[in-house]
Each structure stands twice: as structure tokens, then as C-alpha cells.
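For reference, the structure discussed in these notes is given below.
Per chain, numbering begins at 1; letters A, B, ... match sequence-line order.
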Amino acid sequence: MGFKNKHIISIDELSKEDVLKILSTAAELEKDQRPVLDGKVLATLFFEPSTRTRLSHEAAMLQLGGRVLGFADPSATSGKKGETLQDTIRMADQYADIIVMRHYMEGAARAASEVSKVPIINGGDGANQHPTQTLLDLYSIQKTQKKLDGLKIAMVGDLKYGRTVHSLAKGLSNFDCELMFVAPEELQMPKYVLHFLDENKIKYSFHKKIEEVIDEVDILYMTRIQQERFIDLNEYEKVKDVYILKKEMLINCKKNMKILHPLPRVNEIEYAVDETPHAYYFEQAGNGVPVRQAIFCLVLGVKK
Amino acid sequence: MNQKREVKIQAIENGIVIDHITPEHTMDVVKILNLTGEKILIGMNLFSEKMGKKGIIKLDDKKLADEELNKIALVSPKATITHIENFEVIKKLKVEVPDEFIGIARCPNPKCVTTLQPIKTHFYTMKKEPMMLKCKYCEKVFDKVSI
């Protein structure tokens, strides 16, 4: 893809080359923080709350010399007066060079991209896509493992409703890797993701416990199991402590193994794990800044 | 004794016959083709050897392009189209499932942006038989959509 003026809506639309370009640009920018975005304006349009994603995008822009405007509270917008989403975008694109948006409706970023005169970056649309999260996850994996091919990656917890794991599985299908899905039966990876992996000839397996995989994986991607996802609360009670990562589980794991989590972390990773060299979830969040800077620079044509 | 079951419907001189319509979707076909003001004969829940039951629509004095007619594949992928001129059949073909459907069906996903915003729906045909449609916006795949 030539990136200039492109919208970043869905991980499905990024080829392997696109992903690698974004990651290599992010690595370059981590070492060179000159104000290459001086004079550029980012609009952050958050129709749904998100502190982390919004602040990460804003930091990315500000640190490279750009400026930010926008809203984080949809009640402050003309949406309340009945203005359509597309009209809001048609207004916002007059004031900014690039827009990052988060919306509770699935497909909102796509709808915005159809009317916007400036690039739209999807900061999350309902349970659908959050491509920059996937890209920072891939960047974290590449940074810690020095490669993206030939890895064993386990995803743990709520794989059925987890937008990040669906997207990460799809992003990883560009590379030669083996996936292990660790979850209770009712929260296993949905069929449409498995179908996608089959089409891309990615090997995967299903597991009931973290202990079954932890000693052989390079990456352990943890997600939270939420009580509200269970129809039968007895089932939740049975599994709620099975998918908690404890420090003693790490005794025989690989030296290079890193633990990732999209955050916020509640109780699924014990605090004692934070002190181990395997904990990488906070650095992972920090990687969001160079990755988002890379996206801004590529779509604004500042980097090629 | 076997009784031959016949349906007697008036022949049309010039027009189109849409046959083998999935019976519960006969009126959806009328809606999809936006048939208002035309002379239409509609048969619903008629006997069909192939399907058990079927719907038929006869359009008098009406021309529709194949592209337009193929939209009915959304609800009736097994329908057949016969073009009539001077009471003679000049062309008969099966409906072809198009690669996309724009502005016809509703997305079943209540969280899709098309349900709350004035945006035309757009589905890509991922598979023709059985039909699997992917919403361009919410990216979910469905085997059934409503009009």
C-alpha cells in the first residue's frame, strides 16, 4: 500500500509488507524524535471513553511537534442535537490534517472514511476493529523476540469476545507462527477467526489451562475473563481462577518469553509477576506511541 | 388416481416472469425490485415439484436489466427469470448471485453503524451457495439478512 492519505480502518486491509513498513518506521522514530509533524493537527474524536488510546495518540502527535484538538465526551458534540456521524466528520476534516476516532458503533470508522477529506485512523469501533492496538502488539512481539516468524504464541482468557485477540490472530496470520488458545469452552476463539486462520494455513491448538502451554511459548497474551459474559454464573465460578497467571507458573518458561496484556489488568496477572523479567505489558502500552507516530508519518506523507 | 395439479395464471404478452421464488420471500422480491404502479400478478405458496411451495411474479409490460433482477438472489437464490415477447419466451435464465448488495438489506447486527445512521447497507458475497454475506461496515458475516 502507498500510505499517503490512506485510512487505517481494519487490520484485514494491511498486507504483510504494510505491517512491516509500519513496524520499521516505528523503530526508526523511536531513535529519532525530531519534530517532523510540526504544523500538523490531529483531531481526536472519541465518541466513547478511552483514556489510554486517546492519550497515546495525542502523545504521539505532540512529541513529534504536532498539535491536537478534539473531544473525549460525546455529549459535548452536535450528535446530541441529531447531527449525523458523517456530518460531524465533514466538519472536523476542515480543522485537522488527520483524525483518530473511537465509536461504539461497529463500522463507524469505515463510514467516516467515506466522507472525510483527511485520513481516518480507527481507534476502536465497538467490538469490531482496533488496528493500532494490533500493530503495537506486533511491534512488541517483534521488539522482544527480534522476529515475527517461527514463534509460539498463546492467547489466554476471553477469546470469544476479545476484539484484541481476534485482531492479533489475524495480524499474526501474515507470519509463520503457531497459536495456542487457552480458554474455557464457552469463551474459545470464534469460528470466523479459525476460518481465517485455516485459509492462511496457520497452525493452532486449543487448551484448557495456562500450565499446558507456558513452558513452550515465546509470547503469553493474557486477557481478562469477565463475569458478565457468562449466562451460567456457576460456570464463571469454576473458571475464574483457572486463568490467573501466577509467578510460580513461570519457573520453567523460556528465557525469552514475554507476557503481554492489552490492559487494564484486573486480577488475571498476579502483581508478583510484574517484578519478573517476563512482564512486558506496561512497555507494550508505551510502544503505542512510536507505532502511532509511524502511522501518522506514513499517512501524512512525512515518511515513505 | 394422480391428479395433475395445475396453476392457471393469465399469460402475459410482453414482460417478465419470475418463478421459483422462495415462498416466504415473494413480497420481498416486490420490495427489492421497487415495483410500484406496475401491473403485477403475484402467486404465493403455489405447488412446486422442485421446491414444495413457491412464489411467482408476472410483470406485464416491464423490462428490467439482469443486473437489477439479480438483486433478488438475496432472498431467492434459486429463482428463474423468463423474458417474454409476443407471448413467446425469448430468454430464460437462473438468477445469478451478485458479488455485492447495496442498499437492499438490513444488517442484522444491532451495533452496526448502518442501523443508527443514515448510511446505505453494503454486503459482499463471500459465498454463493450457501449464501454468506459480509457487511462492509461491521465486517460480520451472515447467512441470512432481512429486507
Open item on the list: Applying side chain to side chain contact (heavy atoms under 4.5 Å, CB included) to D125(A) and Y104(A), what does each step give before you reach the verdict?
Closed with: CA-CA 6 Å; D125(A) 60 330; Y104(A) 51 89; over 6 Å; no
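- Panel note: side chain Q86(A), backbone A111(A); a donor-acceptor pair is recorded below 3.5 Å.
- Of all the listed residues (S10(A), G126(A), A127(A)), the one sharing the greatest number of non-hydrogen pairs under 4.5 Å with chain B is S10(A).
- Judged purely by distance below 3.5 Å, without hydrogens or angles, the side chains of R106(B) and T121(B) never pair a donor atom with an acceptor atom.
- Only the side chain of K134(B) comes within contact range of chain A, with at least one heavy atom under 4.5 Å from a heavy atom of that chain.
- Looking at T114(B), neither its backbone nor its side chain comes within 4.5 Å of chain A, counting heavy atoms on both sides.
- Aromatic ring orientation, F71(A) versus F47(A): perpendicular (interplanar angle above 60°, classes split at 30° and 60°).
- The contact between K136(B) and chain A is made by backbone and side chain atoms together, counting heavy-atom distances below 4.5 Å.
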